Amino acid sequence: MHKLRKPKLGQNFLVDDRARHQIADSLGDLSQRTVIEIGPGHGAITDILATRCQRLIALELDRSLAAELRFRFRERINVQIVEADVLATDLLSFAQPGTTVDIIGNLPYYITSDILLHLFAAATAGILGRAALMMQREVADRVSAAPGVRDYGLLSATTQMYAQVDNLFTLPPEAFNPPPDVYSTVLRLHFAPRFAELGVDPAGFDAFLKQAFAQKRKTLQNNLRFAGVDPQLLAEKWPAGIPAQSRAEQLPLEDMAQLYLALR
Ligand code: SAM
């Protein structure tokens with residue numbers, strides 16, 4: 001029996017002309033912006049961005065694709081094609097002091113979560129403005145879900161500590177060549193980390209969220225107990241406004257932060 005072979009490096013290239021324009025349009029006027037494109041591939045979105053951005057840096061891991069693009073854009077002084085792994089690239093090096101950069105990418109789906117975490121680290125350093133990111137629909141639904149709905153979980157809570165998220169549009173497999181076996185959704189992220197506003201430290205609170213969401217079927221108190229939080233501390237310091245039987249998936253980030261501070 002034939003099995004569909006997965007393309008290497010998540011290479012499903014966008015072939016829907018309207019969609020590539022919609023992605024490029026989704027961050028508005030880019031004429032004064034530095035934009036980093038993750039995984040430009042054959043340049044479906046790069047072609048449009050090159051004429052619009054003040055500066056475009058395209059990070060492509062595939063050597064032959066990077067060479068193809070370097071040749072195509074050789075006369076555009078605002079475009080820099082970098083053959084590199086986005087996860088090993090220091091995004092801070094592309095931001096002038098005191099400025100922010102924007103991110104665009106039809107992401108290689110096999111490393112979506114790692115790329116998000118990499119972006120959050122850059123957001124903590126205050127160098128990110130906005131991002132338009134295409135990812136597998138199910139992942140996008142989780143990233144953008146609100147507390148209390150089925151898809152809300154650790155990925156939603158973590159992302160929403162760093163950015164406001166808009167779910168823009170969804171594309172069928174036929175929008176790509178070769179078609180992936182999933183639908184794809186474009187999200188827009190407006191980076192605005194909430195740690196200072198909620199009075200929590202990024203490293204400690206990120207770790208707390210991991211403990212709180214460790215097992216979906218358990219109550220929050222059980223997850224925290226399992227993570228080693230002293231039951232007596234839980235009993236004494238649990239905030240009165242948060243029901244004792246709550247699950248992490250039900251609580252807004254304000255409540256999570258209140259709980260974290262109470263239990264510290
Ligand atoms: N932007 C193109 C498009 O929309 O047609 C290509 C998108 S394709 C889904 C993902 C691209 O990311 C591929 O060109 C792939 O080679 C590149 N890629 C995969 N892993 C990467 C990594 N770790 N760092 C940078 N680029 C990567």
Side-chain angles (χ1 to χ4, degrees), residues 4-27 30 33-53 55-73 76 78-94 101-122 128 130-140 143 168-189:
L4 250 163
R5 265 205 310 147
K6 292 250 181 232
K8 68 162 186 167
L9 298 179
Q11 290 177 345
N12 300 98
F13 299 105
L14 187 60
V15 291
D16 181 317
D17 193 49
R18 202 168 88 99
R20 71 193 186 100
H21 280 90
Q22 274 181 298
I23 296 171
D25 290 347
S26 66
L27 296 187
L30 296 172
R33 304 292 298 156
T34 294
V35 175
I36 299 175
E37 185 183 2
I38 300 173
H42 289 295
I45 309 166
T46 327
D47 277 338
I48 307 168
L49 295 176
T51 64
R52 295 191 185 174
C53 305
R55 183 174 173 221
L56 174 64
I57 298 130
L59 304 174
E60 174 56 60
L61 183 57
D62 185 306
R63 173 158 296 181
S64 61
L65 290 175
E68 172 191 325
L69 293 178
R70 206 171 290 125
F71 183 73
R72 173 141 30 119
F73 294 107
R76 291 214 72 105
N78 64 324
V79 178
Q80 187 184 349
I81 308 294
V82 184
E83 182 191 327
D85 177 350
V86 58
L87 298 177
T89 303
D90 177 12
L91 301 177
L92 272 67
S93 65
F94 298 116
V101 301
D102 294 332
I103 308 284
I104 286 193
N106 169 13
L107 300 181
Y109 294 172
Y110 72 107
I111 46 170
T112 300
S113 305
D114 292 336
I115 292 175
L116 287 173
L117 294 178
H118 194 54
L119 294 182
F120 299 158
L128 295 189
R130 290 180 304 162
L133 304 175
M134 173 124 65
M135 60 192 74
Q136 182 176 338
R137 178 174 61 183
E138 289 75 8
V139 178
V143 168
L168 296 187
F169 58 90
T170 293
L171 294 171
E174 309 81 77
F176 305 85
N177 184 26
D181 42 19
V182 293
Y183 277 65
S184 301
T185 294
V186 176
L187 296 182
R188 180 172 51 214
L189 275 64

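Both ligands and their constituent atoms are indexed starting at 1 by order of listing. We use all heavy atoms of the structure for the numbers below, so side chains are in, but hydrogens, waters and symmetry mates are not. Everything numeric here is computed off the predicted structure, so don't read it as measured data.
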Would you kindly say whether Ser64 and Asp62 are connected by a side-chain donor-acceptor distance under 3.5 Å?
yes
Hey, does [X] come in under 3.5 Å of ligand 1, counting only N/O atoms on both sides?
{"X": "Tyr110", "answer": "yes"}
{"X": "Asp62", "answer": "no"}
{"X": "Phe13", "answer": "no"}

Given that the side chain starts at C-beta and the backbone is N, CA, C, O, which of these parts of [X] lies under 4.0 Å from ligand 1, counting heavy atoms, or is it both or neither?
{"X": "Leu65", "value": "side chain"}
{"X": "Ile38", "value": "neither"}
{"X": "Leu61", "value": "both"}
{"X": "Glu37", "value": "side chain"}

Do Asn78 side-chain atoms and Ala50 backbone N/O form a donor-acceptor pair below 3.5 Å?
yes
Output yes when a side-chain donor or acceptor of His42 lies under 3.5 Å from a complementary backbone atom of Phe13, and no otherwise.
no
Among non-hydrogen protein atoms, atom 12 (O) of ligand 1 lies closest to Gly39 CA, 3.2 Å
Run the numbers for me: atoms of ligand 1, each under 4.0 Å from some heavy atom of Ala84, listed by number.
24 (N), 25 (C)
Hey, are Asp25 and Arg52 close enough for a salt bridge, meaning a charged N less than 4.0 Å from a carboxylate O?
yes
